[in-house]
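Here is how names work: the chains are called A, B, and so on, in the same order as the sequence lines, proteins then strands, and each is numbered from 1. Keep in mind the model is a prediction, meaning the values are calculated, not measured.
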Number of protein chains: 2
Amino acid sequence: MSDVNSTADAPRSPGRPRSVRADEAIIEATLDLLAEGSTIEALSIEAIAARAGVGKATIYRRWPGKDALLLDALRRLKGVVAQPAGHSVRDDLVLLVGAVGHNIDPRAERIMPCLVPEVNRSPDHFQLYQNIIEPRRKLMREVLRRGVASGELRADLDIEVAMALLTGPMLVQRLLRWHPDLDDRLLPEKVVDGVLDGLRAD
Amino acid sequence: MSDVNSTADAPRSPGRPRSVRADEAIIEATLDLLAEGSTIEALSIEAIAARAGVGKATIYRRWPGKDALLLDALRRLKGVVAQPAGHSVRDDLVLLVGAVGHNIDPRAERIMPCLVPEVNRSPDHFQLYQNIIEPRRKLMREVLRRGVASGELRADLDIEVAMALLTGPMLVQRLLRWHPDLDDRLLPEKVVDGVLDGLRAD
DNA sequence: GGGTTTCGATACGGCACCGGTTCGTATCGT
DNA sequence: ACGATACGAACCGGTGCCGTATCGAAACCC
């Protein structure tokens with residue numbers, strides 16, 4: 001575990017123990033500031049400290065720098081991966097597609113777009129991002145493969161393209177609100193059904 | 001025309017005329033800096049002037065501030081809207097889908113992601129963005145309607161959802177490289193064919 | 001040539017902010 | 001009570017930017 005505040009075997013601390021309250025406040029302040037639109041690079045230890053009602057030293061005591069702090073903070077957003085039921089491929093896809101770009105913490109909705117430039121700029125961050133979403137992608141890949149095996153989906157299906165078709169519309173909607181007058185809640189169903197059935201007239 | 005350097009009826013200027021070269025250099029410098037990864041907010045008049053080999057006064061003489069300059073600069077990226085041939089709905093869609101997130105200026109590819117946070121933050125910028133892409137959306141909408149009318153596409157087609165299905169995958173790919181191992185050049189065809197035919201086994 | 005405007009360059013005052021450290025105090029184990 | 005550590009606040013040195021002003025040179029019209 002790379003969390004700074006590791007809860008491993010408590011080493012007898014001689015002096016005053018670290019304030020758990022401060023820990024939480026710092027992380028929360030970081031996420032709040034990001035959610036309010038601050039760019040990653042514009043985010044400063046100073047601002048975080050001020051927002052958290054904490055001295056800067058308290059932050060430097062825990063993290064070596066902004067990057068490490070951000071890493072821990074963003075880890076917070078990563079919700080549990082939804083588990084498909086495994087009955088109907090269609091229903092499983094609806095579930096997974098609905099989870100695309102959806103995070104438990106409502107702040108994530110505002111934060112994720114702000115990370116786009118960073119992810120595009122830095123290969124490291126790009127890789128990190130890929131690592132985070134890979135489990136979810138894998139899940140969808142398996143559902144698709146199951147569909148192919150069961151005959152529900154075309155035998156010659158290109159899995160990667162299919163995933164792009166399914167996740168793209170949702171992601172664009174959640175990230176960019178590209179189509180302002182589409183209903184978020186109904187979209188997963190519509191996307192899955194639309195992609196499954198195709199647009200062509202029978 | 002909201003361009004600052006309007007070429008309207010030339011009012012006899014008594015003194016030395018504005019240097020067109022400087023005009024160009026300033027815009028180019030702005031785009032270059034953005035393409036190199038500078039955030040919009042991190043972009044400074046000072047940096048632009050330095051990069052353009054221009055005095056700051058020369059910039060302030062033309063634009064009231066950073067925002068106005070940026071507006072003019074970004075206008076440069078907006079390429080000509082591709083015109084569908086009108087023969088096959090499928091081919092027209094391939095053309096339009098291929099144009100999604102594609103700009104003439106190669107720098108746009110680096111710049112657009114950086115604008116995502118800005119567009120999400122400011123309603124004004126969001127509206128501006130919508131205004132820019134609306135013509136292209138309208139084009140696709142018409143092609144889809146044509147397909148419905150001609151019987152090539154289902155009669156009960158939800159146009160807005162269909163557009164999301166078509167543009168979403170491309171945009172995600174171009175903007176986020178969400179699926180790192182998909183080929184950009186072949187994707188438009190694959191997306192259109194995939195969405196048209198659907199994933200379901202016949 | 002005279003008048004006018006722009007050119008690039010540089011300088012300016014002022015401001016805001018930032019990173020990291022220091023300081024006196026508060027809170028812990030023993 | 002004592003030593004050790006963490007706490008928040010305040011401090012320091014430095015950076016960068018903005019928007020304006022000024023400068024000598026240059027480019028234009030008449």
Side-chain angles (χ1 to χ4, degrees), chain A residues 3-30 32-34 36-73 118, chain B residues 3-30 32-34 36-73 118:
Chain A
D3 194 336
V4 168
N5 194 4
S6 178
T7 58
D9 51 318
R12 66 226 83 264
S13 48
R16 174 177 176 174
R18 296 241 172 120
S19 158
V20 185
R21 183 186 184 81
D23 271 327
E24 201 61 30
I26 293 168
I27 298 280
E28 285 299 300
T30 306
D32 279 347
L33 287 175
L34 280 178
E36 284 167 17
S38 172
T39 323
I40 276 200
E41 64 176 332
L43 198 64
S44 67
I45 299 284
E46 190 140 332
I48 296 173
R51 173 59 156 266
V54 149
K56 279 191 285 184
T58 303
I59 296 183
Y60 282 112
R61 210 170 283 122
R62 289 164 165 77
W63 292 276
K66 187 168 65 176
D67 289 346
L69 167 55
L70 269 176
L71 212 66
D72 275 359
E118 213 61 31
Chain B
D3 196 335
V4 168
N5 194 3
S6 178
T7 57
D9 51 320
R12 62 224 80 271
S13 47
R16 174 176 178 175
R18 296 248 170 113
S19 160
V20 185
R21 185 184 180 81
D23 271 326
E24 202 62 30
I26 294 168
I27 298 280
E28 284 301 301
T30 306
D32 280 346
L33 287 175
L34 279 179
E36 283 166 20
S38 171
T39 323
I40 277 202
E41 62 177 336
L43 197 63
S44 67
I45 298 283
E46 198 140 335
I48 295 174
R51 173 58 156 267
V54 147
K56 276 193 290 180
T58 303
I59 296 184
Y60 281 111
R61 212 171 281 123
R62 288 164 166 77
W63 292 276
K66 187 169 64 175
D67 288 346
L69 167 56
L70 269 175
L71 212 65
D72 276 359
E118 213 61 32

Measure CZ/R62(B) against P/dT5(C) and give the value in whole Å, please. 16 Å

Tell me if a side-chain donor or acceptor on K66(A) pairs with a main-chain N or O of L43(A) at a distance below 3.5 Å. yes

Closest to the P17(B) side chain, choosing from dG8(C), dA27(D), dT4(C): dA27(D)

May I ask you to verify if any side-chain N or O of R18(B) is less than 4.0 angstrom from the OP1 or OP2 atom of dA26(D)? no

Can you work out whether V54(B) or G15(B) has the more 5'-proximal nearest nucleotide on DNA chain C? G15(B)

Is S19(A) reaching over with its side chain to a backbone N or O of A22(A), donor-acceptor style, under 3.5 angstrom? yes

Whole-Å distance between dG8(D) C1' and R21(A) CZ? 14 Å

Does R16(A) make a side-chain donor-acceptor contact with the base of dA4(D), cut-off 3.5 Å? no

Using 4.0 Å as the upper bound for N to carboxylate O, is an ion pair formed by R51(A) and E36(A)? yes

Does the side chain of R61(B) get closer than 4.0 angstrom to OP1 or OP2 of dC7(C) through an N or O atom? yes

According to side chain to side chain contact (heavy atoms under 4.5 Å, CB included), who are the partners of A47(A), at least two apart in sequence or on a separate chain? L33(A), S44(A)

Measure CG/D67(B) against C1'/dC18(D) and give the value in whole Å, please. 14 Å

Mind checking G65(A) for me? I need base, sugar-phosphate or nothing, with any heavy atom below 4.0 Å counting as a touch. nothing

A57(A) near the nucleic acid: base, sugar-phosphate alone, or nothing, with a heavy-atom cut-off under 4.0 Å? base

Output yes when a side-chain donor or acceptor of T58(B) lies under 3.5 Å from a complementary backbone atom of V54(B), and no otherwise. no

Atom CH2 of W63(A) to atom P of dA6(D): distance rounded to whole Å? 14 Å

Which protein N or O atoms sit under 3.5 Å from an N or O of nucleotides 14-18 of chain C?
unit_1  : atom_1 : unit_2 : atom_2 : d
dC18(C) : OP1    : S44(A) : OG     : 2.6
dC18(C) : OP2    : S44(A) : OG     : 3.4
dC18(C) : O5'    : S44(A) : OG     : 3.2

Just the rounded figure in Å: distance from P of dG8(C) to CD1 of I48(B). 15 Å

I need the CD1-C1' distance between I26(B) and dC7(C), as an integer number of Å. 11 Å

E24(B) CD - dG8(C) C1' separation (whole Å): 18 Å

Would you call R18(A) and D23(A) a salt bridge, using N to O less than 4.0 angstrom? no

Check this for me: does any side-chain nitrogen of one of E28(A) and R21(A) sit under 4.0 Å from a carboxylate oxygen of the other? no

T58(A) vs dA6(D): side-chain N/O to OP1/OP2 distance below 4.0 Å: no

From C-beta outward on P14(A), which listed nucleotide comes closest to its side chain: dC7(D), dG19(C), dT5(D)? dT5(D)

Mind calculating the distance between CD1 (I59(A)) and P (dG20(C)) to the nearest angstrom? 12 Å

